[in-house]
Amino acid sequence: MNAGLATGHPLTTEAGAQALAEGGTAVDAVLCAAFTAMVVEPVLCGLFGGAFLMAAPPDAAPYVFDGFTRTPKHRAKDLWIDRIEADFGTTTQVFHIGPGTIAAPRQMDALACAHARLGRLPWRALFEPAIAASRQGHQVTAYQAQVLRIVTPVMTATDGARALWGFEDSVLDEGATALNPNLADVLEVLSLEGPRFLNEGEPGQALLAMDGHSLSMDDLTRPCDIHPARELARAGHRVWLTPPPALGGAMVARALNALPPNPSPRAVLDQMRALDLDRGTEDLAEGQSLPQARRGTTHISAFDKHGLGAALTLSNGTGCGHVIPGTGVMPNNMLGEEDVTGCGPADWAEDSALASMMCPMSVLADSGTRHMLGSGGSARIRSALTQVALGLIDHDLPLEAAITAPRVHGDRDSAHFEGWLREDARADILRAHPEATEWHTPSMFFGGVHGVSRAPNGQVTAAGDPRRAGDARTL
């Protein structure tokens, strides 16, 4: 098997595998998978969201297409913002939604730039699985039903949202068929007319015609940035991470640089707590004090038969609750929570970057084996990726074992660990943190790392994280 990918949904995987089978590159594969994810993983990503794509050519250093959201250039006076609460089972959390929470999306430009540089398949071919899934319908999986339930107030906030994903006060359950013919029409025209159609054509014009937001055409057409990846070394491995203004790469880098060889789970937990106390500081952001975006995410990793690696992390926040008329598209709500903007939902600084926790990454061993990975999980992205990297680097674990190994997570207010840790590690954590929460079953709380590995002989393996219904395939 000399190509493969890992994603968060079987149909997303199937779409990327189709691109690889047709001779597409790893970038073609993650883009084809991503457009399908925007249909079958609607809470986690969307056409007007944000993304980071890391490309790792076999003969060059990795680099990052930064298509994450920004604040609009000007803040409107009359913003439409609603306050809702999401139920996470053990706690509830306040969200702000509405057109006034939509940040300027740059995702499509990043994906189009990556395709222009590194794609091989025609642009239109990347949309065929997504168009079929939205027009013919797809069954809601158990994991997607769980995600939908958590954000029921978002997905039932308006008539447009309820028509796609819910009823008066409930959402589609596992096994239900989800249809979105308007989105199929948008995707079909986008596939034929090219990426400018989304922002400059009818979808973008319909978004701007909505009331209560701050967006202008200048916001919708702002280009992505392309940066060299941030690099560090650990124990004979080279690691590449997202650079500033993304905050996730800085936090993973600090953890990997600070932790000793083969650190204990308690040491990792304490390091995560220290990072959370420091998050958003100028030191972490390398001269920039930036708010974090920490909401719903999904991830896709791929290798093609020529050795190109790609890792793409996408987010739509939790969605703004409003569907753009005639499009079947719910834009992001990145401006709607204080941990994204660092302030109230109407008080953000104009024309500013938002520092995302998303962190597609690459790890190269001295043996020549390369790994591409990333994670969903908002605030837990840093702990999930740090621990999988430690498994690959310090413990020389195969990719799947590194992903499924028990995890810990700490923040400024709490400590958490998965209950199948070794007994000595569990006891060590509870001595230091008797208040720590022990999780007895796998949970999306601890992130969802989907990754691929390529050995020097070209053999590819792929693994999805069972905590987030990971799915993987090799070809």
Side-chain angles (χ1 to χ4, degrees), residues 6 8-9 41 43-44 85-93 140-152 171 173-175 255 262-273 275-276 294-299 357 373 375-392 394-395 397-451 463-472:
H9 193 288
E41 303 176 54
V43 177
L44 306 178
E85 287 189 0
D87 185 357
F88 289 86
T90 58
T91 186
T92 59
Q93 185 168 351
V140 177
T141 65
Y143 175 66
Q144 291 303 316
Q146 181 183 6
V147 174
L148 282 165
R149 283 194 296 273
I150 291 171
V151 294
T152 294
V171 290
D173 205 349
E174 178 184 0
N262 301 304
S264 68
R266 175 187 163 185
V268 175
L269 190 154
D270 288 342
Q271 181 61 38
M272 291 303 114
R273 297 192 76 174
L275 283 173
D276 198 51
R294 299 165 27 141
R295 292 302 172 216
T297 49
T298 193
H299 181 80
M357 291 295 293
L373 58 151
S375 181
S378 61
R380 277 82 63 196
I381 288 174
R382 55 188 167 85
S383 54
L385 290 178
T386 296
Q387 289 167 94
V388 173
L390 290 171
L392 296 171
D394 289 31
H395 302 289
L397 293 177
L399 178 64
E400 185 172 6
I403 288 174
T404 57
R407 291 183 195 151
V408 300
H409 176 73
D411 56 37
R412 64 183 66 192
D413 300 316
S414 61
H416 305 264
F417 66 95
E418 294 185 315
W420 48 101
L421 277 173
R422 299 186 322 269
E423 183 54 37
D424 60 333
R426 178 180 177 277
D428 188 28
I429 289 173
L430 289 174
R431 277 194 298 270
H433 305 288
E435 79 290 353
T437 300
E438 180 174 1
W439 295 68
H440 296 285
T441 57
S443 170
M444 70 172 77
F445 175 86
F446 288 93
V449 179
H450 308 319
D465 197 325
R467 299 171 182 85
R468 293 195 169 220
D471 188 76

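For this chain, numbers begin at 1 and follow the sequence in order.
- To the nearest 0.5 Å, atoms CG (L399) and NE2 (H450) are separated by 11.5 Å.
- A salt bridge does not link E41 with R468: none of the charged nitrogens is closer than 4.0 Å to a carboxylate oxygen.
- Remark: R380 qualifies as a cation-pi partner of F445 under the 6.0 Å distance and 45° angle criteria applied to the six-membered ring.
- In this structure, the side chains of R467 and V449 stay at 4.5 Å or more apart for every pair of heavy atoms.
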Next on the checklist: Walk me through whether V268 and R407 qualify under side chain to side chain contact (heavy atoms under 4.5 Å, CB included).
Outcome noted: CA-CA 9 Å; V268 175; R407 291 183 195 151; over 6 Å; no

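- The structure places CG of L148 at 12.0 Å from CD of E174, a figure rounded to the nearest 0.5 Å.
- The structure places CE of M357 at 10.0 Å from OG of S375, a figure rounded to the nearest 0.5 Å.
- Within the 4.5 Å cutoff, side-chain heavy atoms of L421 are placed close to those of I429.
- If you take CG on D465 and CZ on F446, they are separated by 11.5 Å, rounding to the nearest 0.5 Å.
- Within the 4.5 Å cutoff, no side-chain heavy atoms of D471 are placed close to those of H9.
- Considering every non-hydrogen atom in both A384 and G447, the closest pair reads CB-CA, 4.5 Å.
- Contact detail for A6 and A463: the closest heavy-atom pair is CB-O, 3.4 Å.
- Closest approach of P263 and L390 over heavy atoms only: CG-CD1, 3.8 Å.
- Side-chain contact check for S383 versus D411: every heavy-atom pair is 4.5 Å or farther apart.
- Closest approach of V408 to F417, counting heavy atoms only: CG1-CB, 3.8 Å.
- Y143 meets the ring pair (Phe, Tyr, Trp, His ring centres under 6.0 Å) test with no other residue; sequence neighbours excluded.
- W420 is listed as a side-chain neighbour of P442, based on a closest heavy-atom distance under 4.5 Å.
- Annotation for E400: atom CD does not count as buried by contact number, only 12 or fewer foreign heavy atoms lying within 6.0 Å.
- One distance of note links CG of L275 with CZ of R412; it measures 11.5 Å at 0.5 Å rounding.
- For the pair R431 and D428, the salt-bridge criterion is met [side-chain N within less than 4.0 Å of a carboxylate O].
- Side-chain contact between T437 and H433 is absent, with no heavy atoms from C-beta onward closer than 4.5 Å.
- To the nearest 0.5 Å, atoms CE (M272) and NE2 (H409) are separated by 8.5 Å.
- Counting heavy atoms from C-beta on, the side chains of V147 and M444 come closer than 4.5 Å.
- Closest approach of A415 and L269 over heavy atoms only: CB-CD2, 3.7 Å.
- At a threshold of 4.5 Å between non-hydrogen side-chain atoms, the residues S264 and R266 count as touching.
- With hydrogens and angles left out, the side-chain atoms of T297 and H299 include no donor and acceptor closer than 3.5 Å.
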